[in-house]
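I'd like to ask some things about the structure below.
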Amino acid sequence: MNALPFFQNIKNALTAGGTGGLTWHLHAALSRQRWESTKARIETHLFKGLKLKARLAQHSAGELKLILIGASAGWMMSTPWLESFTEIEIYDIDPLTPVLFRLNHGRALKQKGIHVRFHITDAIDQLDRILSKHPDSLIWFDNVLGQHRIRLKNSDLASTQLKILQRRLKGRFWGSVHDLYSGPVQRVPDSPVDVVLELARIEGSDQDSARVHITGDENRPIDHEETSLGQARQSFLQKLGATPNGGAWLDHETAKVFPPGTALTWTGWDFKRDYCHCLELGWTASSADTS
Ligand SMILES: C[S@@+](CC[C@H](N)C(=O)[O-])C[C@H]1O[C@@H](n2cnc3c(N)ncnc32)[C@H](O)[C@@H]1O
């Protein structure tokens with residue numbers, strides 16, 4: 001199903017407002033090897049979501065349905081995770097999505113008899129309608145929320161819309177991987193990024209002074225370490241290879257996407273050899289708190 005006008009489809013097939021399209025597909029196809037470790041981390045997190053959902057006993061076995069938003073060709077998506085579902089509704093504005101997604105994942109899904117339907121539509125704009133159409137499905141935002149400010153070309157509007165997203169998703173089990181920040185890095189050539197931080201925001205504010213609770217990093221669990229969002233960000237970006245004079249990092253306006261208390265994972269993604277993204281991953285079933 002394609003709900004967008006003809007010329008909009010042409011534009012989205014080329015760049016999707018700077019968030020996807022042909023430019024993204026070419027870059028992704030050529031970057032597969034460099035992105036492998038980040039893709040593996042995302043896969044681990046995806047399965048974590050299923051365990052969490054099973055613990056909450058929110059579905060009966062054999063009846064797991066998925067709404068996948070911003071799927072593109074699923075370059076970073078795990079086929080084994082997709083195979084956990086009986087039905088998948090895929091939403092993207094890029095009209096190339098159905099063909100390319102099928103190339104990457106279609107065969108395996110078909111063999112398992114999984115029903116996949118594609119919808120070419122703006123899923124953030126149409127979210128309420130999508131949610132009511134699929135009331136029992138789990139929702140995964142697949143590296144799309146951090147692109148919202150880029151596509152809108154208006155960071156204030158994007159920030160406002162992203163902050164109220166949790167209210168629109170109230171009562172649903174949902175998760176997301178999205179860009180928090182991105183910028184230039186200086187690292188030993190060809191040393192892949194391999195850092196992870198586990199944390200939770202204590203307060204709803206996205207100000208630098210907002211308190212966060214660090215629960216662990218790659219090498220050790222940490223008990224009750226509390227710091228500020230600004231401090232956590234600064235030290236994490238340094239671990240990714242940001243340098244004080246390395247240029248400004250872009251804030252993707254996603255710091256308040258999840259409700260306070262959500263268990264979050266930060267990790268790095270070597271988007272280019274010298275340009276890294278700080279990704280945030282999380283799952284939540286909690287009611288919205290937009291304080
Ligand atoms: C960075 S790419 C995500 C890539 C994808 N998850 C993958 O692994 O290949 C962002 C995707 O989100 C899509 N997109 C951006 N805004 C959207 C919106 N409002 N609704 C649906 N899709 C959107 C773009 O077309 C693009 O395919």
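Note that ligands are numbered from 1 as they come in the structure, with each ligand's atoms numbered from 1 the same way.
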Option with minimal heavy-atom separation from atom 25 (O) of ligand 1, where the choices are L152, I130, D92: D92
Numbered atoms and elements of ligand 1 in range of D94, under 4.0 angstrom, heavy atoms: 25 (O)
Name of the residue among L281, I69, D179 meeting side chain to side chain contact (heavy atoms under 4.5 Å, CB included) with N143: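 Exactly one pass, corresponding to D179.
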Sidechain-backbone polar pair: R201 side chain, F258 backbone, donor-acceptor under 3.5 Å: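 No: the side chain of R201 does not pair with the backbone of F258.
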K39 atom NZ: more than 12 heavy-atom contacts under 6.0 Å: yes
Expected output: side-chain T86 to main-chain K65 donor-acceptor under 3.5 Å: no
Proximal atoms of ligand 1 relative to G70 (non-hydrogen, under 4.0 Å): 3 (C), 4 (C), 5 (C), 6 (N), 11 (C), 12 (O)
By ring-ring contact (aromatic ring centres under 6.0 Å, His included) - contacts of H148 (at least two apart):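 With neighbours one apart ignored, the set is empty.
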Check: I114 and I88 side chains under 4.5 Å, non-hydrogen atoms: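 The answer is yes; the side chains approach within 4.5 Å.
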Contact check, A28 vs ligand 1, heavy-atom distance below 4.0 Å: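 No, A28 has no heavy atoms under 4.0 Å from ligand 1.
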Atoms of ligand 1 close to R151 [distance to a heavy atom under 4.0 angstrom, numbered from 1]: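 This gives 16 (N), 19 (N) as the contact atoms.
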Polar atom proximity, I69 to ligand 1 (N or O, under 3.5 Å):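 Not met; the criterion fails.
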Counterpart residues, ring-ring contact (aromatic ring centres under 6.0 Å, His included), relative to H27 (two or more places apart): W35, F271
Heteroatom distance test (A73, ligand 1): nitrogen or oxygen, under 3.5 angstrom: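 Not met; the criterion fails.
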Numbering as shown, the atoms of ligand 1 that approach T121 to under 4.0 Å (heavy-atom distance):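 Listed by number with element: 20 (N), 21 (C).
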Check: I130 and I139 side chains under 4.5 Å, non-hydrogen atoms: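 No, side chains not in contact.
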Pick from D179, V144, N143: the one approaching atom 1 (C) of ligand 1 most closely through a non-hydrogen atom: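 Going through D179, V144, N143 one by one, N143 has the nearest heavy atom to atom 1 (C) of ligand 1.
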Any N or O of Y91 closer than 3.5 Å to N or O of ligand 1: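 Between Y91 and ligand 1, no N or O pair is found under 3.5 Å apart.
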N or O contact, Q147 vs ligand 1, cut-off under 3.5 Å: no
